[in-house]
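Structure first, then comments.
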Amino acid sequence: WDARRLADAAARLRDRGGRQLMALLIYPAGEAHALSEFLWHAGSRPDVVEQGAVIVARGRRHRGLGTAALAWGLAALRVAWPDAGRVYSSEATDD
């Protein structure tokens with residue numbers, strides 16, 4: 001996942017009337033080491049949000065960065081989308 005791929009995914013969601021909130025953990029050198037995304041799909045209930053991908057850079061895994069990105073994202077979600085009362089998620093079987 002690079003900046004271009006993330007921007008393209010966000011643009012596709014916007015084109016369908018959805019919204020996206022993304023928490024990025026960026027280190028001082030400017031590298032993004034983890035992200036957590038939240039999505040609201042057009043036509044969905046305004047109080048229900050999907051927790052999308054949580055991605056941690058190879059070599060940075062198993063350090064709590066995914067959990068930190070998720071926590072920061074949930075905190076930002078409360079401010080950005082105050083109507084959101086429920087977040088749902090799915091998990092890959094091998095995670």
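Quick note: residue numbers are just sequence positions, from 1. Just so it is clear, the values below take in all heavy atoms, side chains as well, and ignore hydrogens, waters and symmetry mates. Note that the coordinates shown come from a computational prediction; the quantities given were computed from them, not determined experimentally.
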Legend entry - For the student: nearest non-hydrogen atoms of V49 and L77, plus distance: CG1-CD1, 4.2 Å
Inset, instruction - May I ask you to test the W40-V48 pair for a side-chain heavy-atom distance under 4.5 Å? - result: no
Inset, instruction - Identify the two heavy atoms, one from L21 and one from A80, that lie closest to each other, and give their separation to 0.1 Å. - result: CD1-CB, 3.4 Å
Legend entry - Hphob cluster co-occupancy, Y27 + V56, side-chain heavy atoms under 4.5 angstrom: yes
Legend entry - Sequence-distant partners of R61, salt bridge (charged side-chain N to carboxylate O under 4.0 Å, His left out), two or more places apart: none
Legend entry - Shared hydrophobic cluster, L35 / I26 (ILVMFWY, side-chain heavy atoms < 4.5 Å): yes
Legend entry - Under-4.0 Å salt bridge between D8 and R12: no
Inset, instruction - With rounding to the nearest 0.5 Å, note down the distance linking CZ in R16 to NE2 in H41. - result: 7.5 Å
Inset, instruction - Locate the shortest heavy-atom distance separating A32 from A57; write the atom from each residue and the value. - result: O-CB, 4.4 Å
Inset, instruction - Following the transitive rule for hydrophobic clusters with a side-chain heavy-atom cut-off under 4.5 Å over Ile, Leu, Val, Met, Phe, Trp and Tyr, establish whether L39 and V87 coincide in one cluster. - result: no
Legend entry - Minimum heavy-atom distance between A69 and A23, given as atom pair plus value: O-CB, 3.5 Å
Legend entry - Pairs flagged by side-chain hydrogen bond (donor to acceptor under 3.5 Å, both in side chains) wherever residues 64-89 is involved - sequence neighbours left out: Q51-S89
Legend entry - Results of side-chain hydrogen bond (donor to acceptor under 3.5 Å, both in side chains) for R63 - residues two or more places apart only: none
Inset, instruction - Measure the CG-OG distance between L74 and S36 for me, rounded to the nearest 0.5 Å. - result: 7.0 Å
Legend entry - Minimal non-hydrogen separation, P82 against V79, with atom names: CD-O, 3.6 Å
